[in-house]
Undergrad: 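One structure follows; several queries about it will come next.
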Amino acid sequence: MQRQKPIGIFDSGVGGLSIVRAIKRTIPDENLIYFADTEFSPYGNKTKEIINQRSEDIINFLINQGCKMVVMACNTATVNSINSLRSKFSIPIVGVEPAIKPAALKSKTGIIGILATEQTLESEYFHFLKSKYSQQVKIETKACPKLVSLVENLNHDNEQAMQITEQYIHPLLSKGCDQIVLGCTHFSFLSILIKNVVGDKAAIIDTAVPVAMEVKKRLQSHNMDKNKRVIGTVEFWTSGDLANVIKSISQLWEQDIKVFKAKI
Ligand code: DGL
């Protein structure tokens, strides 16, 4: 019975769809419920207390929807809140954090660049991660608040988006970064544009696939995997304006979809 239950996934808005997409490809038979907290987007300029409270309320909502596991498809929420949330809830919680370790291992120049939200870069956990690898590599960071709103407003594929992306990335390249870490799930939707800006000067590191693999591993180790050769469903929920969210999810998911509204 437990195995048939859905996996709950959430982010401040549509960015976490990049994680949903990777999970869907990795374990297509699982049923998924995605919650876009658009009403409170962005998280990147919110306090740790607000992010904690939103994350806790959303996890309670997902548990009430019958979820067997929760994926925090948001670096900002993960680095600020995952430890305290894991001690509050008994279901497994998987998070996503900036991939400093793989970038440090791959770097040849010994300098890596992290693109993330302000609140991720300011968090205690990010400072801990940074100090863990700072003997190995030099870590340059760039807060990119404008990139989140470009994706939320579906303005991420035009000349203006290219210019804004350049402004964030050029300083990292000129410092010698040869690895650019996408430390925010929204940035996956800008990866082609980021690739165009970066060229062959650096590799781009995205965490969507490793997170999906971790979800698969955790389901198996908890004997929770659905284990049925039937394609799973994906259900979308939001706290935001329905018409806008339907438009943005449909475009990024590349399919016309239905979205339910939840007051959390
Ligand atoms: N997508 C999120 C992340 O991975 C949060 C972006 C935001 O709401 O500021 O950090």
Side-chain angles (χ1 to χ4, degrees), residues 11-13 15-16 18-19 22 42-46 48 51 73-80 82 95-153 155-211:
D11 181 30
S12 61
S18 56
I19 303 279
Y43 283 178
N45 62 7
K46 303 283 183 303
K48 183 181 168 82
I51 296 168
C74 175
N75 293 260
T76 313
T78 301
V79 297
N80 279 287
I82 198 165
V96 50
E97 63 184 41
I100 294 184
K101 185 180 175 182
L105 289 172
K106 282 176 69 185
S107 177
K108 296 219 164 40
T109 58
I111 310 169
I112 66 169
I114 318 288
L115 306 174
T117 68
E118 292 129 299
Q119 189 51 254
T120 292
L121 298 178
E122 277 166 22
S123 69
E124 231 174 87
Y125 184 71
F126 182 78
H127 284 288
F128 158 75
L129 265 184
K130 213 176 143 186
S131 65
K132 215 167 141 188
Y133 295 97
S134 58
Q135 304 286 342
Q136 241 170 292
V137 281
K138 188 152 190 263
I139 302 170
E140 301 288 350
T141 59
K142 195 84 199 156
C144 314
K146 288 184 189 163
L147 298 187
V148 174
S149 54
L150 286 178
V151 177
E152 283 299 318
N153 298 317
N155 275 331
H156 58 294
D157 194 14
N158 54 34
E159 190 49 39
Q160 192 206 5
M162 181 80 171
Q163 281 168 14
I164 294 172
T165 307
E166 278 172 356
Q167 282 164 20
Y168 288 131
I169 291 181
H170 279 164
L172 296 179
L173 296 177
S174 62
K175 283 176 179 153
C177 297
D178 69 344
Q179 308 293 317
I180 302 289
V181 174
L182 307 186
C184 169
T185 52
H186 282 75
F187 303 166
S188 291
F189 290 106
L190 288 153
S191 56
I192 295 176
L193 214 136
I194 294 173
K195 181 79 202 136
N196 286 338
V197 173
V198 164
D200 55 9
K201 293 193 188 84
I204 295 163
I205 302 199
D206 193 356
T207 35
V209 173
V211 170

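As the structure is a prediction and not an experimental result, all values here were calculated from the model.
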Undergrad: Is there a side chain to side chain contact (heavy atoms under 4.5 Å, CB included) between Leu182 and Thr207? Walk through the geometry before answering.
TA: CA-CA 8 Å; Leu182 307 186; Thr207 35; over 6 Å; no
Undergrad: Closer than 3.5 angstrom, by distance alone: can the side chain of Thr185 be matched with the main-chain N or O of Cys74 as a donor-acceptor pair?
TA: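 No; judged by distance alone, with no hydrogens or angles, the pair does not exist.
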Undergrad: I want to check something: taking the side chain as every heavy atom from C-beta on, are Ile139 and Val137 in contact at a cut-off of under 4.5 Å?
TA: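 SC-SC contact between Ile139 and Val137 confirmed.
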Undergrad: Ignoring hydrogens, what is the shortest heavy-atom contact between Gly95 and Val211? Give both atom names and the distance.
TA: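 Looks like O-CG2, 4.1 Å.
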Undergrad: Do any N or O atoms from the side chain of Thr120 and from the backbone of Ala116 form a donor-acceptor pair under 3.5 angstrom?
TA: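 Not confirmed, Thr120 side chain does not pair with Ala116 backbone.
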Undergrad: Between CE of Met162 and CD1 of Ile194, what distance do you get to the nearest 0.5 Å?
TA: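 Here the rounded value is 10.5 Å.
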Undergrad: If you round to the nearest 0.5 Å, how far is CZ of Phe189 from SG of Cys184?
TA: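 Rounded to the nearest 0.5 Å, the SG-CZ separation comes out at 11.0 Å.
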Undergrad: Checking the side chain of His127 only, and the main-chain atoms of Leu121 only, is there a donor and an acceptor separated by less than 3.5 Å?
TA: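 Present.
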Undergrad: Enumerate the salt bridge (Lys or Arg N to Asp or Glu O under 4.0 Å) contacts for residues 170-180, please, sequence neighbours excluded, ordered by first and then second residue.
TA: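 The answer is Glu140-Lys175.
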Undergrad: Can you tell me if Tyr133 uses its side chain to pair, donor with acceptor, with the backbone of Leu105 under 3.5 Å?
TA: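 Between the backbone of Leu105 and the side chain of Tyr133 there is no qualifying donor-acceptor contact (under 3.5 Å).
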Undergrad: Let me confirm one number: the OG-CD1 distance from Ser107 to Ile205, rounded to the nearest 0.5 Å.
TA: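 It is 9.0 Å, given to the nearest 0.5 Å.
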Undergrad: OG1/Thr141 to CD/Glu118 distance, rounded to the nearest 0.5 angstrom?
TA: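 The CD atom of Glu118 is 11.5 Å from OG1 of Thr141, to the nearest 0.5 Å.
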Undergrad: Closer than 3.5 angstrom, by distance alone: can the side chain of Asp11 be matched with the main-chain N or O of Gly16 as a donor-acceptor pair?
TA: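 Confirmed, Asp11 side chain pairs with Gly16 backbone.
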Undergrad: With rounding to the nearest 0.5 Å, note down the distance linking CD1 in Ile164 to SG in Cys144.
TA: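 Output value for this atom pair is 11.0 Å.
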Undergrad: Report yes or no: does Gln119 contribute a side-chain atom to a donor-acceptor pair with the main-chain N or O of Lys46 at less than 3.5 Å?
TA: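 Between the backbone of Lys46 and the side chain of Gln119 there is a qualifying donor-acceptor contact (under 3.5 Å).
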Undergrad: Could you check Ile114 against Phe126 for side chain to side chain contact (heavy atoms under 4.5 Å, CB included), going step by step and ending with a plain yes or no?
TA: CA-CA 11 Å; Ile114 318 288; Phe126 182 78; 4.2 Å; yes
Undergrad: Can you check whether Ser134's main-chain N or O pairs, donor with acceptor, with Lys130's side chain at less than 3.5 Å?
TA: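 Checked: no pair found.
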Undergrad: How many angstroms lie between atom CD1 of Ile169 and atom NZ of Lys201, to the nearest 0.5 angstrom?
TA: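 The NZ atom of Lys201 is 11.0 Å from CD1 of Ile169, to the nearest 0.5 Å.
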Undergrad: Which atom names give the shortest non-hydrogen contact between Tyr125 and Val79, and what distance separates them?
TA: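 What the structure gives for the nearest pair is CB-O, 3.3 Å.
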Undergrad: Taking Gln160's backbone N and O only, do any of them form a donor-acceptor pair with Asn158's side chain (distance below 3.5 Å, no angle check)?
TA: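 Side chain of Asn158 to backbone of Gln160, a donor-acceptor pair under 3.5 Å: yes, one is there.
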Undergrad: What is the minimum heavy-atom distance between Ala208 and Ile19, and which atoms define it?
TA: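 The answer is CA-CD1, 3.9 Å.
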